[in-house]
Novice: 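Okay, handing you the structure first.
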Amino acid sequence: MSARNPGMHLDLEWVSKVRVNTQAVLKRAQQIQGHKVAKKQWQAAWMLKAVTCIDLTTLAGDDTPSNVHRLCMKATHPIRHDLLKSMDMHDKGITTAAVCVYPSRVADAVKSLKAANSSLPVASVATGFPAGQTPLKTRLEEVRMAVKDGATEIDIVINRTLALTGQWAALYDEIRQFREACEDAHMKTILAVGELGTFTNVYKASLVSMMAGSDFIKTSTGKESVNATYPIAIVMVRAIRDYHLRTGHKVGFKPAGGIRTAQESVVWLTLMKEELGDEWLDPYLFRLGASSLLADIERQIYHYVTGRYPAYHELPMA
């Protein structure tokens with residue numbers, strides 16, 4: 001993980017001056033999507049890069065120890081060994097970046113990874129995910145429990161009410177408390193951008209989250225009607241860039257929700273490369289929150305290696 005973002009005092013003057021040019025953002029998003037995608041071995045290399053940035057996630061009401069175990073095994077061996085071997089990538093230690101589960105499943109994930117001799121991080125969504133509407137005391141307790149059970153990354157959700165009503169100082173204070181409850185765990189702050197209304201609000205929420213010590217800012221819970229979109233990403237990564245220019249601290253970015261195809265994952269990597277530079281093309285500063293994306297990447301890599309698409313039974317599902 002990257003060096004911890006220590007945060008800073010809340011700079012309300014900076015927050016109040018924020019204005020986002022909507023037309024410019026939309027135009028830039030169109031440019032990113034219009035890029036020619038790399039072909040053949042270049043595309044395969046980008047897809048493997050994307051695999052190493054995935055937070056492989058299960059957030060279902062019917063999660064059990066056995067499907068969490070299966071998720072962990074998939075995370076440690078995300079692409080079939082013979083496919084990697086034919087690309088001469090079998091000995092490069094390719095895994096996903098982390099597994100992400102509900103707090104009550106953290107212990108299961110830690111146990112499975114330990115048994116597999118894997119040092120893969122376990123991330124947990126906490127703080128009343130996905131709505132963030134439970135009492136603050138309960139949300140803080142959830143973070144502490146996940147950390148105690150062995151989570152080394154915590155994905156918190158902000159209280160959207162505070163952002164929507166412009167209570168930036170109150171939002172800052174809440175996130176600071178989550179930061180403390182996380183102890184040594186890295187904190188990813190979910191903005192739930194589909195519920196923030198405007199690009200300007202998204203930018204302000206991004207800034208306040210970083211000032212409060214977030215190590216990553218994340219688009220969505222994956223449960224809202226609008227999740228990770230390219231325009232919203234551009235607003236967030238430019239906030240990251242401005243924060244870095246002002247403080248010298250690099251904060252990571254995690255789009256999540258609705259990212260399902262290998263081709264989309266390559267577009268996301270391109271966006272990071274062009275907006276923030278090569279340093280952000282690394283799981284320390286970039287994650288993709290996804291549950292079904294890996295299956296499509298493995299399918300495309302199978303096609304790259306064999307020249308045909310696999311039947312469903314040929315690739316073990318995550």
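Worth saying up front: this structure is predicted, and the values here are computed from it rather than measured.
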Novice: Apply side-chain hydrogen bond (donor to acceptor under 3.5 Å, both in side chains) to D282 and list each qualifying residue two or more places apart in sequence or on a separate chain.
Specialist: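 Applying side-chain hydrogen bond (donor to acceptor under 3.5 Å, both in side chains) to D282 gives none.
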Novice: Output the distance between atom CG (L56) and atom CG (L71), rounded to the nearest 0.5 Å.
Specialist: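 Here the interatomic distance stands at 4.0 Å.
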Novice: So which atom in A205 and which in I158 form the shortest heavy-atom distance, rounded to 0.1 Å?
Specialist: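 Heavy-atom minimum between the residues: CB-CD1, 4.4 Å.
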Novice: Report yes if the side chains of K74 and T96 come closer than 4.5 Å at any heavy-atom pair, otherwise no.
Specialist: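 The answer is no; the side chains never approach within 4.5 Å.
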Novice: Quick check, are the ring centers of Y230 and W268 under 6.0 angstrom apart?
Specialist: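 Centroid distance Y230-W268: below 6.0 Å, so yes.
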Novice: Using the side-chain hydrogen bond (donor to acceptor under 3.5 Å, both in side chains) rule, collect all pairs that involve residues 197-210, keeping only residues at least two apart or in two chains.
Specialist: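 Applying side-chain hydrogen bond (donor to acceptor under 3.5 Å, both in side chains) to every pair that reaches into residues 197-210, excluding sequence neighbours, yields Y203-D242.
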Novice: Which of these, I240, V235, I234, sits in a side-chain contact (heavy atoms from CB on, under 4.5 Å) with R238?
Specialist: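 Passing option: I234.
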Novice: Indicate, with yes or no, if M73 and V110 share a hydrophobic cluster defined by side-chain heavy-atom contacts under 4.5 Å among Ile, Leu, Val, Met, Phe, Trp and Tyr.
Specialist: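 No, V110 does not connect to M73 through the hydrophobic network.
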Novice: Heavy atoms only: give me the nearest L120-A98 pair and the separation to one decimal.
Specialist: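 Smallest heavy-atom distance, with atoms named: CG-CA, 4.2 Å.
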Novice: Who passes side-chain contact (heavy atoms from CB on, under 4.5 Å) against M145, sequence neighbours left out?
Specialist: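 side-chain contact (heavy atoms from CB on, under 4.5 Å) list for M145, sorted by chain: E141.
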Novice: Do M187 and I156 have side-chain heavy atoms sitting under 4.5 Å apart?
Specialist: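 Touching, per the 4.5 Å side-chain cut-off.
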Novice: Distance-only, no hydrogens or angles: does the K49 side chain make a donor-acceptor pair with backbone N or O of L281 under 3.5 Å?
Specialist: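 Judged by distance alone, yes, a pair lies under 3.5 Å.
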Novice: So which heavy atom on L196 is nearest to which on A163, and how close?
Specialist: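 So the two residues come closest at CD2-CB, 3.7 Å.
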Novice: Partners of H69 by side-chain hydrogen bond (donor to acceptor under 3.5 Å, both in side chains), sequence neighbours excluded?
Specialist: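 Partners of H69 under the side-chain hydrogen bond (donor to acceptor under 3.5 Å, both in side chains) test: S112.
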Novice: With side chains defined as the heavy atoms from C-beta onward, is the minimum distance between L84 and R80 less than 4.5 Å?
Specialist: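 Side chain of L84 against side chain of R80, heavy atoms only: no contact under 4.5 Å found.
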Novice: Looking at every heavy atom in both A262 and S265, which two are closest together, and how far apart are they?
Specialist: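 Here A262 and S265 meet closest at O-OG, 2.6 Å.
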Novice: So, for M236 and T219, which heavy atoms are closest and what is the spacing to 0.1 Å?
Specialist: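 For M236 versus T219, the nearest heavy atoms are SD-CG2, 3.7 Å.
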Novice: Please table the atom pairs, donor to acceptor, closer than 3.5 Å between any side-chain atom in residues 31-38 and protein atoms at least two apart or in another chain.
Specialist:
{"residue": "Q31", "atom": "OE1", "partner": "R28", "partner atom": "NH1", "Å": "3.2"}
{"residue": "H35", "atom": "NE2", "partner": "E274", "partner atom": "OE1", "Å": "3.1"}
{"residue": "H35", "atom": "NE2", "partner": "E274", "partner atom": "OE2", "Å": "2.9"}

Novice: Which residues pass the salt bridge (Lys or Arg N to Asp or Glu O under 4.0 Å) test with D11, sequence neighbours left out?
Specialist: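 D11 satisfies salt bridge (Lys or Arg N to Asp or Glu O under 4.0 Å) with R246 only.
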Novice: If we ignore hydrogens and angles and just use 3.5 Å, is the side chain of N227 paired with the main-chain N or O of E224 as donor and acceptor?
Specialist: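 Indeed, once roles are kept as given, a pair shorter than 3.5 Å links the two residues.
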Novice: Please tell me whether L162 and L164 are part of a single hydrophobic cluster in this structure, the criterion being side-chain heavy atoms less than 4.5 Å apart.
Specialist: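 No; L164 is not reachable from L162 via cluster members.
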Novice: Going by heavy atoms in the side chains, are L288 and K254 under 4.5 Å from each other?
Specialist: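 The answer is no; the side chains never approach within 4.5 Å.
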Novice: Using 4.0 Å as the upper bound for N to carboxylate O, is an ion pair formed by R260 and D296?
Specialist: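 Looking at D296 and R260, the cut-off is not met.
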Novice: Apply side-chain hydrogen bond (donor to acceptor under 3.5 Å, both in side chains) to S119 and list each qualifying residue two or more places apart in sequence or on a separate chain.
Specialist: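 Partners of S119 under the side-chain hydrogen bond (donor to acceptor under 3.5 Å, both in side chains) test: none.
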Novice: Does either side chain, that of T58 or that of D63, offer a donor lying less than 3.5 Å from an acceptor on the other one?
Specialist: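 Checked: T58/D63 side chains pair up, N/O donor to acceptor below 3.5 Å.
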Novice: Tell me whether D215 contacts the main-chain N or O of N5 through its side chain, where contact means a donor paired with an acceptor under 3.5 Å.
Specialist: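 Looks like yes, one N/O pair under 3.5 Å.
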Novice: Between T57 (side chain) and D55 (backbone), is there a donor-acceptor pair under 3.5 Å?
Specialist: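 Yes.
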Novice: Do T161 and N159 have a side chain donor and acceptor closer than 3.5 Å?
Specialist: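 Distance-only check passes for T161 and N159.
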Novice: Return the CG to OG1 distance between D155 and T221, rounded to the nearest 0.5 Å.
Specialist: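 Between D155 CG and T221 OG1, I get 11.0 Å after rounding to 0.5 Å.
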Novice: Does any non-hydrogen side-chain atom of S118 lie less than 4.5 Å from one of T95?
Specialist: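 The answer is no; the side chains never approach within 4.5 Å.
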Novice: With hydrophobic residues grouped by side-chain heavy-atom distances under 4.5 Å, do M211 and V18 end up in a single group?
Specialist: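 Yes; V18 is reachable from M211 via cluster members.
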Novice: Strictly below 4.0 Å, N to O, side chains only: are R176 and D173 in salt-bridge contact?
Specialist: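 No.
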Novice: Which value, rounded to the nearest 0.5 Å, describes the distance between I175 atom CD1 and E180 atom CD?
Specialist: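 Here the rounded value is 13.0 Å.
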Novice: Using the ring of F253 (Phe, Tyr or Trp, six-membered ring only), decide whether R287 places NZ or CZ under 6.0 Å from its centre and within 45 degrees of its axis.
Specialist: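 That pair does not qualify as a cation-pi contact.
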Novice: Do R308 and Y302 come within less than 4.5 Å of each other through their side chains, counting heavy atoms only?
Specialist: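 R308 vs Y302: side chains touch.
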Novice: Do R144 side-chain atoms and C182 backbone N/O form a donor-acceptor pair below 3.5 Å?
Specialist: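 No, R144 side chain to C182 backbone: no donor-acceptor pair under 3.5 Å.
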Novice: Indicate every side-chain donor-acceptor pair of residues 133-140 with a distance under 3.5 Å to a residue at least two apart or in another chain.
Specialist:
{"residue": "R139", "atom": "NE", "partner": "T134", "partner atom": "O", "Å": "2.7"}
{"residue": "R139", "atom": "NH1", "partner": "E174", "partner atom": "OE1", "Å": "3.0"}
{"residue": "R139", "atom": "NH2", "partner": "E174", "partner atom": "OE2", "Å": "3.3"}

Novice: Is there a side-chain contact between F216 and T189 in this structure, where contact means two heavy atoms from C-beta onward sitting under 4.5 Å apart?
Specialist: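 Heavy-atom side-chain distance check fails, nothing below 4.5 Å.
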Novice: Roughly how far, to the nearest 0.5 Å, is CG of L83 from CG of L48?
Specialist: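 Going from CG on L48 over to CG on L83, the span is 10.0 Å.
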Novice: Between V25 and V20, is there a side-chain heavy-atom distance shorter than 4.5 Å?
Specialist: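 V20 reaches V25 side chain to side chain.
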Novice: Restricting to salt bridge (Lys or Arg N to Asp or Glu O under 4.0 Å), what partner residues turn up for R19, sequence neighbours left out?
Specialist: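 In terms of salt bridge (Lys or Arg N to Asp or Glu O under 4.0 Å), with neighbours along the sequence ignored, R19 is linked to no residue.
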Novice: Could you check whether the rings of H303 and Y309 sit parallel, tilted or perpendicular, using 30° and 60° as the cut-offs?
Specialist: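 Rings of H303 and Y309: parallel, as their planes differ by under 30°.
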Novice: For E142, check salt bridge (Lys or Arg N to Asp or Glu O under 4.0 Å) against everything at least two apart and list the hits.
Specialist: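 So E142 forms no salt bridge (Lys or Arg N to Asp or Glu O under 4.0 Å) with any residue.
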Novice: Please determine, by modelled atom types, if Q263 and T261 share a side-chain donor-acceptor pair under 3.5 angstrom.
Specialist: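 Side-chain D/A pair, Q263 to T261: absent.
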Novice: Minimum heavy-atom separation for F286 and P255, please, with both atom names.
Specialist: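 Nearest heavy atoms, F286 then P255: CE1-CD, 3.5 Å.
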Novice: Are L26 and L271 grouped together when hydrophobic residues (ILVMFWY) are joined by side-chain heavy atoms under 4.5 angstrom apart?
Specialist: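 Result: yes, single cluster for both.
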Novice: If we ignore hydrogens and angles and just use 3.5 Å, is the side chain of S124 paired with the main-chain N or O of A146 as donor and acceptor?
Specialist: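 Looks like no, no N/O pair under 3.5 Å.
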Novice: Examine L10 and V202 and state if one hydrophobic cluster contains both, with Ile, Leu, Val, Met, Phe, Trp and Tyr joined whenever side-chain heavy atoms are less than 4.5 Å apart.
Specialist: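 Same cluster.
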Novice: Is the count of non-hydrogen atoms from other residues, nucleotides or ligands lying under 6.0 Å from H81 atom NE2 greater than 12?
Specialist: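 Count over threshold, so yes.
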Novice: Quick one: hydrophobic cluster around V157, which other residues, with the 4.5 Å side-chain cut-off, linked directly or via members?
Specialist: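 L59, Y102, V125, F129, I190, which link up through side-chain heavy atoms under 4.5 Å apart, make up the rest of the cluster.
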Novice: Does atom CD of E13 have more than 12 heavy-atom neighbours, drawn from other residues, nucleotides or ligands, at distances under 6.0 Å?
Specialist: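 At most 12 heavy atoms, drawn from other residues, nucleotides or ligands, come within 6.0 Å of this atom.
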Novice: Mind checking what makes side-chain hydrogen bond (donor to acceptor under 3.5 Å, both in side chains) contact with E195, not counting sequence neighbours?
Specialist: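 Scan of E195 (side-chain hydrogen bond (donor to acceptor under 3.5 Å, both in side chains), adjacent residues dropped) gives R160.
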Novice: So, K85 and D91, do they make that salt bridge, N to O below 4.0 Å?
Specialist: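 No, K85 and D91 are not salt-bridged.
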